[in-house]
Amino acid sequence: MKLTLQIWRQADKNAKGAFETYPLDGVSEHMSFLEMLDVLNEQLIGQGKEPVAFEHDCREGICGCCGFVINGSPHGPMPKTTVCQLHMRVFKDGDTLTLEPWRASAFPVLKDLVVDRSALDRIIQKGGYISVNTGNPQDANAVLVSKDCSDKSMDAAACIGCGACVAACPNASAMLFTSAKIAHLGLLPQGQPERHKRAQDMFEQHDAEGFGPCSQHGECEAACPKGIKMTNIAMANGDYLFSQLIWSPRTGPSADGG
Amino acid sequence: MIDVGRIWRSSAGTKAVMAATGMILFGFTIVHMLGNLNVFFGEKSMNDYGAMLHAVPELAYFARVVLGGALVLHIAAMVKLLRQSQAARPQAYKVVTPKASTIYSRTMRFTGPVVLVFIVLHLLNLTFHGVGSDFLHPGFKMQNEHAPEAYHNLTTLLQMPMWGVFYIIANACFGFHLWHGAVAMFRSLGLSGERQLGTVKMMASGLTALVAGGNIVIATSILLHVVK
Amino acid sequence: MDLSNKAPTDVDIRDSWETHKFRMKLVNPANRRKYNVIVVGSGLAGASAAATLGEHGYNVSCFAFQDSPRRAHSIAAQGGINAAKNYQNDGDSVWRLFYDTVKGGDFRAREANVYRLAQVSVNIIDQATAQGVPFAREYGGTLANRSFGGAQVSRTFYARGQTGQQLLLGAYSALERQVNAGKVKMYSRTEMLDLVVENGRAVGIVVRDLETGAVTTHAADAVVLATGGYGNVFYLSTNAKGCNVTATWRAHRRGALFANPCFTQIHPTCIPVAGSYQSKLTLMSESLRNDGRVWVPKKAEDCGKAPDQIAEADRDYYLERKYPSFGNLCPRDIASRAAKQVCDEGRGVGPKVEGVSRGVYLDFADAIRRLGQKTVEERYGNLFEMYERITGEDPYKVPMRMYPAVHYTMGGLWVDYNLQSSIPGCFVIGEANFSDHGANRLGASALMQGLADGYFVLPFTLPNYLAGVKAGSVNANSPAFKAAETEAKARIDKLMSIKGKRTVDSFHRELGLLMWEKCGMARTREGLTELLARIPVIREEFWSNVTVLGSPEGINQSLEKAGRVADFLEFAETMALDALEREESCGGHFREEHQTEDGEALRHDDEFCYAAAWEFTGVGKRPILHKEPLEFQHVHLATRNYK
């Protein structure tokens with residue numbers, strides 16, 4: 001099939017970007033979206049033009065590297081599908097596709113469709129863990145965890161950190177990402193000691209990175225390739241408010257960095 | 001001690017303020033709408049209800065302070081969050097394809113100000129009759145020093161097509177605002193988990209329909225002279 | 001060349017690790033902050049090592065070429081992680097895991113290393129659980145297990161089909177905690193280009209900042225390479241697109257021996273190739289073989305029919321037929337070759353690519369009947385979804401189509417019992433070392449080894465080295481650093497200046513296809529000889545006709561790829577040579593000349609019971625072979641038999 005691609009091209013962080021239009025012929029419906037871009041890039045190189053920069057690695061929907069906005073939808077039109085798993089059979093011959101990078105002030109564009117998502121790492125640094133050193137903790141079966149808790153925790157832990165929630169949110173909020181980690185750990189008995197401090201510290205970092213507030217639009221949930229639920233946001237909000245109104249966690253890092 | 005400043009500075013805290021004040025205001029509007037249904041039971045019923053609300057003036061003033069405070073905080077939170085939201089996405093997308101957000105959620109920032117204008121005019125119409133021209137409070141009458149002649153004032157006002165239509169439109173906007181807000185506020189306060197979500201949604205939309213629908217029915221009935 | 005492995009020989013194997021730990025030197029807690037350690041790679045091995053060393057108090061710098069440490073390819077492991085917990089009370093033990101791993105590796109691994117791996121496997125599960133890894137659980141709240149290829153006990157722990165992801169996120173969270181504490185400095189989007197060796201000791205690395213293009217050097221008291229495997233030498237593999245051999249190959253060029261490069265694992269259950277544009281292959285967890293039944297039509301003429309049109313009697317459940325006791329759960333190499341065999345016979349299914357259907361059915365109809373769709377969905381739901389997204393077919397209704405693909409590389413830099421390479425101060429962990437898996441890795445053992453190395457082995461053996469060197473004695477302005485930096489920059493300039501006609505990918509694809517044909521699932525003397533003749537030709541053309549557009553400053557993905565492909569073009573030759581020299585079939589290395597009458601692998605223990613460690617002598621020059629003899633005192637050499 002034949003496509004018209006309108007792609008955001010931006011030379012570097014400080015350059016002013018613009019859309020460029022590229023026609024592409026001979027696209028197979030069995031190609032993945034990124035394979036289609038590979039074909040485009042090989043053609044561009046042949047014409048002496050710089051290929052389109054986009055991030056990708058595992059190409060099986062788990063590493064979270066890839067992602068850009070296709071016709072207004074992060075990761076494209078298929079629900080629960082990263083762009084590397086999106087196949088061209090979804091599109092029709094003659095379609096015009098507009099490709100834009102994630103847009104958020106917390107995700108500066110580095111080149112073309114590549115953005116800097118290190119803000120998400122910094123949110124995790126503030127508390128997205130259980131403070132346990134490598135050593136000899138008790139036997140794994142010493143703490144029983146109900147299957148239900150474990151399953152729900154796993155639902156939240158499935159987040160791949162791709163940033164589609166931020167891209168989709170009309171406010172560019174990273175609350176779905178942040179709350180997924182708070183819920184993953186907060187639903188397990190191992191995560192209880194730091195539960196409220198975690199919510200407090202991660203929420204404050206979320207704001208410091210320049211992400212927007214959550215207006216409960218639900219676009220994040222619809223865009224999430226891993227089906228992370230907004231109920232996590234409700235839970236994290238509860239944990240945060242508990243930390244501020246009921247139980248105030250000590251502030252500052254502990255001796256060993258927790 | 002509760003660090004109010006810290007809560008306010010965080011977006012989730014601001015959001016909680018918005019939700020809590022929204023909840024207070026929503027609660028008030030439910031009672032307000034139910035009270036207004038007295039209009040269907042005749043002049044005496046309505047005026048007695050009006051008089052009852054003003055029976056203890058201190059209580060009435062207390063309620064005004066709480067509601068006024070809630071409203072101010074609600075608006076302040078909105079201004080802060082709106083700014084934060086705009087700063088978070090300085091460059092807009094060329095193409096946007098909404099999937100889950102609704103017309104209700106996306107128009108909150110517009111329906112809110114309409115409702116605010118409505119509240120101001122509504123208070124000038126029927127509460128602060130001493131302020132402004134007769135245009136704002138046509139034929140306003142008092143039962144006594146405290147209580148207005150509610151039935152007369154309301155019907156006179158809403159039988160004027162301009163006011164009647166404005167009240168209907170404003171309440172429709174209010175309904176839009178609540179349709180999203182009433183569910184969102186539970187989540188912002190951390191009160192709605194997976195299990196409660198359905199119930200919360202049902203309850204919130206039921207009450208929204210009741211309040212906005214009730215108000216619109218009242219206004220329409222008066223406008224069309226069903227209630228005279 | 002000293003190839004002594006340094007494992008204690010004077011004690012029973014059961015006590016060797018404890019004894020060794022006691023004998024090793026320690027670094028006083030107050031002195032640890034004076035030592036700088038570089039960890040390259042942030043996957044399971046790298047992240048767990050960096051985090052643990054940070055917790056101990058060392059100054060750690062961790063480098064990753066992706067934008068975040070959480071992207072490392074460990075994240076893609078699906079099935080699970082083995083541990084000798086014996087929670088199921090089905091006869092498992094450390095000894096049995098040790099035995100299974102040595103046997104599964106076709107007797108080409110070092111016994112002492114494997115025993116240690118089995119020992120610490122139990123600690124990994126405890127550690128990961130304490131970190132909040134949401135392993136699958138039973139209704140009673142205890143951890144659930146499943147069985148996996150190559151084992152007759154249920155010892156595999158899993159988190160849905162995302163075990164690698166959850167374990168990596170656990171290690172990543174521990175790492176980020178140390179970043180927050182200031183003990184680990186994370187360098188994302190930074191690729192290692194070379195190892196700096198001074199006075200025979202690894203003292204630092206040369207890196208390129210992939211965002212700015214700046215080439216800089218970093219000095220340290222020790223360098224840990226946790227940079228994964230080289231499966232992408234085949235271009236099409238289940239590895240992530242970025243996986244490369246550069247870090248280990250550059251260390252090899254600086255003197256580290258490369259061991260057993262021909263031991264590559266082919267994974268039996270991957271989604272078949274759909275067309276010539278294919279950029280990578282997608283693995284479907286081997287756990288699918290627990291409940292799925294593998295078959296092809298008995299008659300070649302049935303292959304075009306829809307699977308539900310083929311009667312039960314006309315189906316050949318070839319794994320169950322050939323290996324009645326292990327059936328669909330036989331080891332990976334055996335299952336892979338069996339699939340190749342039936343497809344070579346013309347009984348493959350699915351669309352024809354270049355004239356041949358290369359695929360076999362993996363059928364869940366029986367499992368759905370036996371367990372119900374809900375249970376099957378619970379176990380494999382996300383894998384089924386993934387399959388449907390890629391192929392457009394619903395595996396609940398139509399059997400999946402599978403074909404083997406390169407998946408893991410057992411070979412890697414040679415290391416001793418301390419995980420130190422032949423360059424003092426250069427440690428190699430995870431898939432990057434030549435590892436504990438011998439000639440074939442059992443399912444669910446990669447995660448185990450990566451974490452064992454990072455959490456429980458390196459943090460003991462590295463201090464033993466550090467205690468012998470003066471902290472902070474490395475001078476980053478010394479000639480060795482300057483020379484390495486200049487060399488790396490010159491190489492980039494060279495790549496940019498060729499301005500030829502062919503793209504980097506076209507070279508990579510050409511090399512990969514050739515490697516898959518001649519050095520893939522089955523190898524011959526003839527094919528390998530031809531391969532050895534053709535690689536230098538491709539390499540020469542690469543260096544005279546490749547095109548890299550853009551600038552060396554800033555993000556330049558073509559330049560990144562070009563550097564990696566250039567290294568693959570050198571590495572491939574050593575790999576092919578190793579395959580040619582190993583005149584036997586064992587594990588993932590199958591030489592057609594060496595097979596039994598029924599087509600099974602035939603080892604030659606009298607001649608080849610060693611780890612082949614190659615020493616670099618120059619590009620295009622024949623490397624020198626060193627042999628570390630392997631002794632089997634506890635698991636007696638025997639022909640693997642999974643019948």
Side-chain angles (χ1 to χ4, degrees), chain A residues 12 28 30-31 34-35 38-39 42 45 48 50-51 53 55-65 81 85 87 89 110-111 114 117-118 121 124-126 128-134 136-141 144-147 150 153-154 157-158 161 184-185 188 190-191 253 256-258, chain C residues 51-52 55 66-68 70-71 73 75-76 87 123 125-127 129-132 134 137-143 159-160 162 165-166 169 173-174 176-181 183 188 211 240-242 274-275 277-280 282 386 389-390 392 455 459 503 505 547 549-550 554-555 557-558:
Chain A
D12 59 55
S28 154
H30 295 300
M31 282 180 180
L34 298 187
E35 284 167 347
D38 289 342
V39 171
E42 292 286 292
I45 296 172
E50 256 202 81
E55 272 191 288
H56 63 101
D57 201 19
C58 76
R59 296 207 177 186
E60 43 189 87
I62 192 77
C63 74
C65 275
T81 305
Q85 296 269 284
H87 280 66
R89 61 181 79 93
L110 297 178
K111 184 172 186 174
V114 179
R117 287 168 293 192
S118 53
D121 284 334
I124 297 294
Q125 280 160 22
K126 291 296 165 197
Y129 40 72
I130 288 167
S131 295
V132 52
N133 282 351
T134 309
N136 293 294
Q138 63 193 332
D139 186 88
N141 263 348
L144 298 179
V145 182
S146 77
K147 185 171 176 354
S150 168
S153 171
M154 180 63 214
H184 155 216
L185 298 172
L188 294 172
Q190 289 86 349
D256 61 359
Chain C
T52 305
E55 287 161 10
Q66 287 103 338
D67 70 321
S68 161
R70 68 181 294 157
R71 314 276 184 224
H73 191 55
I75 206 155
Y87 280 162
N123 303 53
I125 302 304
D126 297 342
Q127 181 63 28
T129 304
Q131 283 173 344
R137 288 180 184 265
E138 305 290 353
Y139 281 101
T142 53
L143 291 164
R160 300 215 177 120
Q162 291 125 281
Q165 180 200 27
Q166 292 310 312
L169 293 183
S173 69
E176 294 295 4
R177 175 168 161 255
Q178 292 309 308
V179 171
N180 191 43
K183 291 311 298 173
S188 296
E211 196 183 318
K241 293 293 284 177
Y277 48 79
Q278 192 94 20
S279 64
K280 80 151 284 177
T282 301
M386 194 162 166
R389 262 198 297 274
I390 293 171
Y455 281 136
T503 63
D505 276 357
T547 178
L549 298 172
I555 295 178
Q557 294 175 326
S558 301

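What you see is a predicted model; the values in this text were computed from it and never measured. A note on names: the letters A, B, ... follow the listed sequences, proteins ahead of strands, and every chain is numbered from 1.
- Legend: residues meeting salt bridge (charged side-chain N to carboxylate O under 4.0 Å, His left out) with C:R71, ordered by chain and number and at least two apart, are C:D67.
- A donor-acceptor pair under 3.5 Å links the side-chain atoms of A:H184 to the main chain of C:G132, judged by distance alone.
- C:S68 places none of its side-chain heavy atoms less than 4.5 Å from the side chain of A:R117.
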**OP:** Kindly determine whether C:I390 and A:H87 satisfy side chain to side chain contact (heavy atoms under 4.5 Å, CB included), including the steps that lead there.
**Re:** CA-CA 7 Å; C:I390 293 171; A:H87 280 66; 3.9 Å; yes
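- Side chains of C:T503 and A:E42: a donor on one and an acceptor on the other come within 3.5 Å.
- For the set C:V179, C:I125, C:I75, C:T547, the count of heavy-atom pairs under 4.5 angstrom toward chain A peaks at C:I75.
- Taking both residues in full, the closest heavy atoms of C:Q131 and A:L185 are given as O-CD2, 4.0 Å, listed atom of the first, atom of the second, then distance.
- At least one donor-acceptor pair under 3.5 Å links the side chain of A:E35 to the backbone N or O of C:S279.
- The candidate with the highest count of non-hydrogen atom pairs below 4.5 Å against chain A, out of C:T129, C:D126, C:T52, is C:D126.
- Interface check for chain C: of the options A:S118, A:G48, A:G61, the most heavy-atom pairs under 4.5 Å are formed by A:G48.
- Panel note: side chain A:E50, backbone C:L549; no donor-acceptor pair is recorded below 3.5 Å.
- From C:K241, atom NZ reaches atom CG of A:L34 across 10.0 Å, with rounding to the nearest 0.5 Å.
- For a residue to count as touching a neighbouring chain, one of its non-hydrogen atoms must lie under 4.5 Å from one of that chain's; by this rule A:S28 touches chain C with the side chain only.
- For the atom pair CD1 (A:I130) and OG (C:S173), the distance works out to 7.5 Å, reported to the nearest 0.5 Å.
- Contact count versus chain C (heavy atoms, under 4.5 Å) is highest, among A:L188, A:T81, A:D38, for A:T81.
- In this structure, A:A53 and C:Q557 approach most closely via the heavy-atom pair CA-OE1, 3.3 Å.
- Heavy atoms closer than 4.5 Å to chain A are found in the side chain of C:S558, but not in its backbone.
- Taking all atoms of both residues into account, the shortest heavy-atom contact from A:M154 to C:A159 is SD-CB, 4.0 Å.
- For C:E211, the part sitting under 4.5 Å from any heavy atom of chain A is the side chain, from C-beta outward, and nothing else.
- Under a 3.5 Å cut-off, the side chain of C:E176 and the backbone N or O of A:G128 do not form any donor-acceptor pair.
- Summarising the geometry, atom CD belonging to C:E138 is positioned 9.5 Å from atom CG belonging to A:N141; distances are rounded to the nearest 0.5 Å.
- When heavy atoms are compared at a cutoff of 4.5 Å, A:P137 approaches chain C by way of both its backbone and its side chain.
- Listed here is the closest heavy atom pair of A:C65 and C:Q66: SG-CG, 4.3 Å.
- Among A:M31, A:Q190, A:Q138, the residue with the largest count of heavy-atom pairs under 4.5 Å with chain C is A:M31.
- Residues satisfying the ring-ring contact (aromatic ring centres under 6.0 Å, His included) criterion with C:Y87, sequence neighbours excluded, are C:F157.
- Within the 3.5 Å criterion, the main-chain N or O of C:G242 finds a donor-acceptor partner in the side chain of A:D57.
- Interface remark: C:Q127 contributes backbone and side-chain atoms alike to the contact with chain A (heavy atom separation under 4.5 Å).
- Residue C:L143 touches chain A through both its backbone and its side chain, counting heavy-atom pairs closer than 4.5 Å.
- Of the two parts of A:R59, the backbone and the side chain both hold a non-hydrogen atom closer than 4.5 Å to a non-hydrogen atom of chain C.
- Atom OH of C:Y139 sits about 16.0 Å away from atom CG of A:L144, to the nearest 0.5 Å.
- Your options are C:L169, C:N123, C:T282, C:T142, and the one with the most heavy-atom pairs under 4.5 Å with chain A is C:T142.
- Pairing each heavy atom of A:A158 with each of C:Q162, the nearest pair is CB-NE2, 3.7 Å.
- How far OG of A:S131 is from CZ of C:R177: 4.0 Å, rounded to the nearest 0.5 Å.
- Contacts between A:D12 and chain C at a heavy-atom distance below 4.5 Å are absent for every atom of the residue.
- With a threshold of 4.5 angstrom between heavy atoms, A:I45 approaches chain C through its backbone and through its side chain.
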